[in-house]
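Below, chain A is the first sequence line, B the second, and so on; all start at residue 1.
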2 protein chains.
Amino acid sequence: MNTRLHDPFKTAFDSLDEFADLISQVLKCPITIEDANHRLLAYSTHDERTDPARISTIIGRRVPEKVINQLWKEGTIPALLNTNEPIRVKSMNDIGLSNRVAISIWKQDEVLGFIWAIEIDKFLSVEDFSLLKKAADAVKNKLLQLQTRKNKKEESSQEFFWKLLTGHLKAKDEIIKHFHTLQITPPTSFAILVFQFQENITSKEEHYISYLLNTDQRMKIILYTIDCNQLILLVSATGLENPFDELDHFARVFVLKMSERYRIKDINPVYSSICEDYQKTNKAYEEILEVFSIKEKFPLETKDIFNYQKLGIYQLFDLILEKRRNEEYENYSLKRLHEYDGKHNSNLVETLEVFLNKDNNINDAAKELNVHANTLNYRLKRISEIGAVNFKDPNQKIILYLDLKLAKYQGI
Amino acid sequence: MNTRLHDPFKTAFDSLDEFADLISQVLKCPITIEDANHRLLAYSTHDERTDPARISTIIGRRVPEKVINQLWKEGTIPALLNTNEPIRVKSMNDIGLSNRVAISIWKQDEVLGFIWAIEIDKFLSVEDFSLLKKAADAVKNKLLQLQTRKNKKEESSQEFFWKLLTGHLKAKDEIIKHFHTLQITPPTSFAILVFQFQENITSKEEHYISYLLNTDQRMKIILYTIDCNQLILLVSATGLENPFDELDHFARVFVLKMSERYRIKDINPVYSSICEDYQKTNKAYEEILEVFSIKEKFPLETKDIFNYQKLGIYQLFDLILEKRRNEEYENYSLKRLHEYDGKHNSNLVETLEVFLNKDNNINDAAKELNVHANTLNYRLKRISEIGAVNFKDPNQKIILYLDLKLAKYQGI
DNA sequence: ATCCTTTTTGGGGATTTTCACAAAATGTTC
DNA sequence: GAACATTTTGTGAAAATCCCCAAAAAGGAT
């Protein structure tokens, strides 16, 4: 009896659920076991008492994102990742969390998952803590098995993803078949999303990434892979009301969390258009690569643009630049304005650029230029006189805008 | 004495001025002789009495344009071009014209010039009329000589012009030398202007053109030539406040007059940018040819554009079209809007286009669409939702505008 | 310095634009 | 046809923009 109490978990068990029930029986409280990404692996059913957070976790088969976020902010998860000792968490009513104790499950220097014990009636004793530690140790191998199985699946899914990205899968049926083999239902519309890191992605960072992607619940990630310094995702776009907004938001949050939680900075996200045809996956990927290439050329101008669509005129910049160079073109209006600026050391060209940048909004532009709105108005009148510009003609303004940006680029 | 009175003009004379004095003596009134383009050739000085129109003519060495215009409208010039009989002109005080008689000088079926007799004190009698006719006949050969000399000069100037247009003159000195040989002071800035006719220009039309160009006094024409259906001019741009406006006006007036006076319709004018370097004349000419080529492709869109500058986005149309085709690009926003239009038979795409055409002016666009301004606002809100368009971002709007126009062009 | 032109800024009132809300009209779906 | 969502139009008040004038400031030329 003494030996059994000493380590009640040295016993064979078939399923993790069975093991969760065992812990629950020993510690007299509800137990949940999660993997490293807070996906639910098992939960005890012996005890009916529980809290809202646990219910949500069980229903959704994963810990709700807001709970994870809170546990990060408040320090529990960082602590769990730092020690193999049990950690006590105070109840947080706003996210439905009652008092509980958690412990991380380690295999060498890697966390495989967590065990949570909810303290419904009683607080766990020091002895309970040591029992929990033993449980964590006992469950380690089981988790490792699961992970290996998962890894295998991941590997074959990555291979498939690369085939899609490189356009090696041309037949529609074949693509569908691959999805089915991987037990994935391909969403009717999707997008490719790439995060470009400053350096090649290490296996440690890969873990962080995997964790972040798995804990985020807004975006459904169908496939993912890593290539040098790029993290490449295929995400579902079905069901999203404003796919671009949500992709944007997801990308920002990812970059922010990578920076806040792991101090990995300056990650550049870019996402493709929304596709419905998996045969065009490579097009989407190529589109993204082009965006990166353009962003390299115009880092300042495109720093807030993560998408080919939103690149606007920068889509065409290279092309137009080349044309202009070939034809020795000179924008007459800009030439005249430059001449005027030179002679009278005014800054009509700058004025014009700010005005056009601000989408013809006089107030905004005046603010940026630190002048009175009337001054701007006067200058615009002069600009239209000197440069023979008709500000009512979008056609003219577009060319003016383009040539301004081109000149600026060439001037640098 | 009788024979001399019968034809007092059968006598030798050295200069036209001498001859003008002779007529003046015979008819007892001031005389002016003009060439076919109303340039002053000679005037009598015997008599000091005269009218404002004659003074202006002598001062400017040509008949003022408003006088010519009036004489066209009122029918005198058409009549003179139609008969070799003297024509009486009633005084027109508003343009400073007192009573006078005019006669055209003919060589076969071509008018070489005109003789004007001002009726200051007395009206010319029938006999005077017949004397005038004799004078016109006597002066014919003298004018012919002048014309031949002028033609020679014109020929060599045309040759020079062609060398400029084709870029055969590369050295600056050489160009200057040529100008001097032709006794022309090259203006510091100039433009090339081409009128493209529907048919090849006949020699008859050439006369009309020559006449119009010579009588127009707003635009200083330095060189001109004709090539198949194109009339090509090099005009001075120095001294013009708004060169583009003035070129525009000149072009319109020329086209209008060719149509009104000679029933030659559908002449397309195009002018180059303002140049200061005569070595770039061929560039200017090529620019014009490109405008014609673009105008052929987009006749409706560019019908009011006569200049490369003002072509706006159509400068880049071909280029972008090709790019889009190569990359199989599809504008996501437009795609979504089209889908929506299809499903709900709305017309968001058209709405968007009109709105952008009208330079984001809601009222103008609403008027064109025959809807309430609020309706348009509502639609724009929907467009920004459905198409993920940010109407504050000029960058996005430009691409939208371009892709709209491209789609429209491809759709036709 | 003086005169002149050009540019900047300010005020204030007419006009437009914008926005929220509501009613009416239209279209869709069952 | 009823119930519902979507679209159109109208109204009115707040906000902004536009426009004219004039004073002040700045710059240039003689």
Side-chain angles (χ1 to χ4, degrees), chain A residues 239-243 245 333-394 396-397, chain B residues 239-243 245 333-394 396-397:
Chain A
L240 303 184
E241 282 231 351
N242 301 308
D245 289 350
S333 305
L334 289 181
K335 188 182 152 208
R336 289 285 303 264
L337 293 175
H338 263 125
E339 282 168 6
Y340 194 90
D341 277 356
K343 269 186 205 160
H344 303 79
N345 57 299
S346 47
N347 44 356
L348 296 185
V349 176
E350 190 204 345
T351 303
L352 178 60
E353 194 190 349
V354 172
F355 177 68
L356 292 178
N357 279 342
K358 292 287 175 184
D359 195 39
N360 306 336
N361 185 311
I362 288 189
N363 266 330
D364 287 3
K367 227 168 268 169
E368 174 141 341
L369 289 165
N370 294 316
V371 296
H372 196 276
N374 281 0
T375 305
L376 181 53
N377 254 319
Y378 172 74
R379 285 194 196 164
L380 289 174
K381 209 187 85 200
R382 296 288 290 141
I383 288 170
S384 85
E385 283 166 10
I386 295 164
V389 180
N390 176 7
F391 279 107
K392 290 278 164 64
D393 183 356
Q396 278 183 47
K397 281 194 297 191
Chain B
L240 303 183
E241 281 231 352
N242 301 308
D245 288 351
S333 306
L334 290 181
K335 187 183 152 207
R336 290 285 302 264
L337 292 175
H338 264 125
E339 281 169 6
Y340 194 91
D341 277 356
K343 268 187 207 159
H344 303 79
N345 56 299
S346 49
N347 45 357
L348 297 184
V349 175
E350 190 204 346
T351 303
L352 178 61
E353 193 188 352
V354 172
F355 177 68
L356 292 177
N357 279 342
K358 293 287 176 186
D359 195 39
N360 306 336
N361 184 311
I362 288 188
N363 266 331
D364 287 3
K367 228 168 264 168
E368 173 140 342
L369 289 165
N370 295 317
V371 296
H372 195 276
N374 282 358
T375 306
L376 180 53
N377 254 321
Y378 172 76
R379 285 193 196 166
L380 289 174
K381 208 187 85 198
R382 296 289 290 143
I383 287 170
S384 83
E385 285 167 7
I386 295 164
V389 180
N390 176 7
F391 280 107
K392 290 278 163 64
D393 182 356
Q396 279 184 46
K397 282 194 296 191

Chemist: Could you tell me how far apart B:Y378 (OH) and C:dC21 (P) are, to the nearest whole angstrom?
Modeler: 16 Å
Chemist: Rounded to whole Å, how long is the line connecting atom CG of B:N377 with atom P of C:dT16?
Modeler: 17 Å
Chemist: Donor-acceptor pair, distance only, cut-off 3.5 Å: does the side chain of B:N361 make one with the backbone of B:D364?
Modeler: yes
Chemist: Can you tell me if the side-chain N/O atoms of A:R379 get under 4.0 Å from OP1 or OP2 in C:dT7?
Modeler: no
Chemist: Just by distance, do the side chain of A:H372 and the backbone of A:N374 share a donor-acceptor pair under 3.5 Å?
Modeler: yes
Chemist: Would you mind reading off the distance between B:N374 atom CG and C:dA25 atom P, rounded to a whole angstrom?
Modeler: 17 Å
Chemist: Give, for atom NE2 of B:H338 and atom OG of B:S333, the distance between the pair rounded to the nearest 0.5 Å.
Modeler: 12.0 Å
Chemist: Specify the separation, in whole Å, of atom NZ of A:K381 and atom C1' of C:dT8.
Modeler: 13 Å
Chemist: Counting only N and O atoms by type, is there a donor-acceptor contact under 3.5 Å from the side chain of A:T375 to the main-chain atoms of A:V371?
Modeler: no
Chemist: Examine C:dT7: is either OP1 or OP2 under 4.0 Å from a nitrogen or oxygen in the side chain of A:T375? Give yes or no.
Modeler: no
Chemist: For DNA chain C, find the residues of residues 333-366 of chain A with a heavy-atom distance under 4.0 Å and give them by number; none if there aren't any.
Modeler: A:Y340
Chemist: Whether the side chain of A:Q396 engages the backbone of A:V389 through a donor-acceptor N/O pair (distance < 3.5 Å, no angle test) should be reported.
Modeler: no
Chemist: If I take atom CG in residue A:L376 and atom C1' in nucleotide C:dG10, what distance separates them, rounded to the nearest angstrom?
Modeler: 16 Å
Chemist: Report yes if at least one side-chain N or O of A:H372 is closer than 4.0 Å to OP1 or OP2 of C:dT8; otherwise report no.
Modeler: no
Chemist: Would you say the side-chain atoms of A:N363 pair up with the backbone N or O of A:A373, donor to acceptor, closer than 3.5 Å?
Modeler: no
Chemist: If only side-chain N and O atoms of A:R382 are considered, is one of them under 4.0 Å from the OP1 or OP2 phosphate oxygen of C:dT6?
Modeler: no
Chemist: A:L380 and A:F355: which non-hydrogen atoms are nearest, and at how many Å?
Modeler: CD1-CE1, 3.6 Å
Chemist: Would you indicate whether the side-chain heavy atoms of B:E368 and B:N357 approach each other to under 4.5 Å?
Modeler: no
Chemist: Using the heavy-atom set of chain A and a strict 4.0 Å cut-off, write down the first and last nucleotide of DNA chain D that makes it in, 5' to 3'.
Modeler: D:dA16 to D:dG28
Chemist: Donor-acceptor pair, A:D341 side chain versus A:L348 backbone, under 3.5 Å?
Modeler: yes
